[in-house]
Amino acid sequence: MATKKTSSKSKTATKKEISENDIRNKAQEIYENRIAKGIAGNEISDWVQAEKELGVKK
């Protein structure tokens, strides 16, 4: 009689570490979209928005 093996791997998804480069790339994307739409802003607001969208915990 065959027995079925069960996996002991955790089903919990691991979160990817968000790097400064990830934030920089997202801020650049936000900047480009903002400029294309003619919306006022600056690099600080773009960076803060990028952190929020990526879910950076402080």
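If you're wondering where the values come from, they're calculated on a predicted model, not measured in any experiment. The chain is numbered in sequence order, starting from 1.
Taking Ile, Leu, Val, Met, Phe, Trp and Tyr as members and joining any whose side-chain heavy atoms lie under 4.5 Å apart, directly or through other members, the hydrophobic cluster of Ile23 also contains Ile18, Trp47, Leu54, Val56. Residue Ile39 is found outside any hydrophobic cluster, as its side-chain heavy atoms come under 4.5 Å of no other Ile, Leu, Val, Met, Phe, Trp or Tyr. Hydrophobic cluster of Val48: the remaining members, joined at side-chain heavy-atom separations below 4.5 Å, are Ile44, listed by chain and number.
Scanning all heavy atoms of the two residues, the minimum distance from Ala27 to Ala50 falls at N-CB, 3.6 Å.
Proximity of Glu32 to Ile35: side-chain heavy atoms (C-beta onward) are nowhere separated by under 4.5 Å.
With sequence neighbours left out, the side-chain hydrogen bond (donor to acceptor under 3.5 Å, both in side chains) criterion links Glu53 to Lys26, Gln49. Evaluation of the side-chain hydrogen bond (donor to acceptor under 3.5 Å, both in side chains) rule for Asp22 yields Lys16, Ser19 as partners, not counting sequence neighbours.
Evaluation of the salt bridge (Lys or Arg N to Asp or Glu O under 4.0 Å) test over residues 37-47, restricted to residues two or more places apart or in two chains, returns Arg34-Asp46.
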